[in-house]
Protein chains: 2
Amino acid sequence: MEFEPIKTNKVYEQVIQQIKEMIYRGDIRRGDKLPSERALKKQLGVSRASIREAFSALEMIGLIESRPGEGTFIKEVADKNLLEPLSLALLLEDDVAGELLELRRVLEVDCVRLAAERRNQEDINTLEEIVNKMEIRTGFEEDSINLDRDFHYTIARASKNNVLYYVMTSIMDAMDFHIKHTRTKLVSRPDTMNEFTAQHHRIFSAIKNEDPEKSMQEMGSHLEFVEKLINREIEG
Amino acid sequence: MEFEPIKTNKVYEQVIQQIKEMIYRGDIRRGDKLPSERALKKQLGVSRASIREAFSALEMIGLIESRPGEGTFIKEVADKNLLEPLSLALLLEDDVAGELLELRRVLEVDCVRLAAERRNQEDINTLEEIVNKMEIRTGFEEDSINLDRDFHYTIARASKNNVLYYVMTSIMDAMDFHIKHTRTKLVSRPDTMNEFTAQHHRIFSAIKNEDPEKSMQEMGSHLEFVEKLINREIEG
DNA sequence: ATTTGTATGATGGTCTGACCATTATATTTT
DNA sequence: AAAATATAATGGTCAGACCATCATACAAAT
């Protein structure tokens, strides 16, 4: 005789399940308004508390958005918070920085390859603007960090693969969190920043020239350079 | 004059924030028991409903687990559900299957490279067992699919990069969901299955022989083969 | 005719208090 | 010492209430 463990589905999980199915069936789409909590309470025959527990879970992962006085809506744009859970879980892991750097390199080298193949004029313009701004040093570390982030984000977007873009940005966010202090230190050194700028420029050129091989090579050495600096900084 | 939008932090979000900080500071670790809902209610000065909304969100993303009569605990193992939000968001995207396949190829080719470099005896044993089972065809499509999944999961684990493993498994799960029917069709053809088995065997050999280049090459052609079949199936 | 002000209803956000089923623990009984 | 029982604590669920916010319709003022 074999017994299977009895799983007691919580009410709020069943609510989530039903919403999930509605999305899958195409009953609800981006921007759509969900029924009000009080309406759902009647329709599903559960308490409002359970509805709210389901909604808070769905809101945390960025799938829906509740606005007081208005209602609850399926989010138009899937923002980066989609992988927030991953970031949270990484807080529990040890020595996650190294793994993140490794994964980032894996992803971004292919990212830039796809970007070099698929970039359009708008991508080029955005990248050029960022690279130009990088050359004018403001002296604020925050500016440098933001420009760097924008540069890599834009490349991810230029890959024209949304899933890749989501994952890529999430990994970078998690990285930012884990090596924040180190990063700030790095960009405060003028010589390091000069090298960064030069590397970024070479990556940009390769993308502009539609040269996937060159772009991968340049991105590879750029990330290698960054990783070396970070590791040296971390280890002392 | 510039105005900034006023953000009203919901109570349950602040609860999550506090738990997040406790994790980051190392106050709570894996397996630890959180204070009971009624205790937290007093400590934080909020209602139990708000605590529960926070908990349900954290439980959905797989960070905590509530057990009736016992309490609420930080999960020991971060399960695959970490990227459940991603899977959900992908339901809202169009033409996501192609993007997933592309990303999977990017990830897994490097995955297998790392696996070939870092695999230990246990990895080899597990892979060998799976490959052997694959050669004995049971006739049940489900068995074939499970073995295939195990094969790729094991390689991801052998990369010794947990973050990569998390992302890889999540992508594969999302893929399973989006091309489920197609997949079942493919493994029902004996000739296709024979080719799969041969390819898996070659990948396994490369990993066993610690040959990263060969493993990447074999994995690349395997995935190319799979993608071709899937696209042919989808398009007609 | 346009703007401004007001009243109303619907909605999400929060809290309280209650009851149940399950589990752990202490107590009693054997 | 072991087993049965009672008690307390915990998560799961619910009903009902109140508030702040927003949309809407309508009235008033310009």
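The structure presented is a predicted model; accordingly, all values stated were derived computationally and were not measured. What's counted below: heavy atoms across the whole structure, side chains too, no hydrogens, waters or symmetry copies. Here is how names work: the chains are called A, B, and so on, in the same order as the sequence lines, proteins then strands, and each is numbered from 1.
Across all their heavy atoms, B:Ala115 and B:Ile207 have their closest contact at O-CG2, 4.1 Å. Closest heavy-atom contact between A:Leu58 and A:Ile61: O-CG1, 3.3 Å. The shortest heavy-atom contact between A:Glu99 and B:Val163 is OE1-N, 3.1 Å. Heavy atoms only, all atoms of each residue included: A:Arg118 and A:Ser159 are closest at NH1-O, 3.1 Å.
Using bins of under 30°, 30° to 60° and over 60° for the plane-to-plane angle, the ring pair A:Tyr153/A:Tyr165 lands in the perpendicular bin.
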Output a table of nitrogen or oxygen pairs between the protein and nucleotides 10-12 of chain D separated by less than 3.5 Å.
| unit_1 | atom_1 | unit_2 | atom_2 | d |
| --- | --- | --- | --- | --- |
| D:dT10 | O2 | B:Gly69 | N | 3.3 |
| D:dG11 | OP1 | B:Thr72 | N | 3.4 |
| D:dG11 | OP1 | B:Thr72 | OG1 | 3.3 |
| D:dG11 | OP2 | B:Glu37 | N | 2.9 |
| D:dG11 | N7 | B:Arg38 | NH1 | 2.9 |
| D:dG11 | N7 | B:Arg48 | NH2 | 3.4 |
| D:dG11 | O6 | B:Arg38 | NH2 | 3.1 |
| D:dG12 | OP1 | A:Lys10 | NZ | 3.0 |
| D:dG12 | OP2 | B:Arg52 | NH1 | 2.9 |
| D:dG12 | OP2 | B:Arg52 | NH2 | 3.4 |
| D:dG12 | N7 | B:Arg48 | NH2 | 2.8 |
| D:dG12 | O6 | B:Arg48 | NH1 | 3.2 |

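The pair B:Arg183-B:Asp148 meets the salt-bridge criterion, with a side-chain N (NZ, NE, NH1 or NH2) lying under 4.0 Å from an Asp/Glu carboxylate O. Ion pair A:Glu53/A:Lys10 not flagged as a salt bridge, since none of the NZ, NE, NH1 or NH2 atoms sits closer than 4.0 Å to an Asp/Glu carboxylate oxygen.
The span of DNA chain C lying next to chain B, judged by atoms under 4.0 Å from heavy atoms, is bounded 5' to 3' by C:dG13 to C:dA24.
Partners of B:Glu37 under the side chain to side chain contact (heavy atoms under 4.5 Å, CB included) rule, at least two apart in sequence or in another chain, are B:Arg48, B:Ile51, B:Arg52, B:Phe55.
Between A:Leu44 atom CG and D:dT13 atom C1' the separation is 15 Å, expressed in whole Å.
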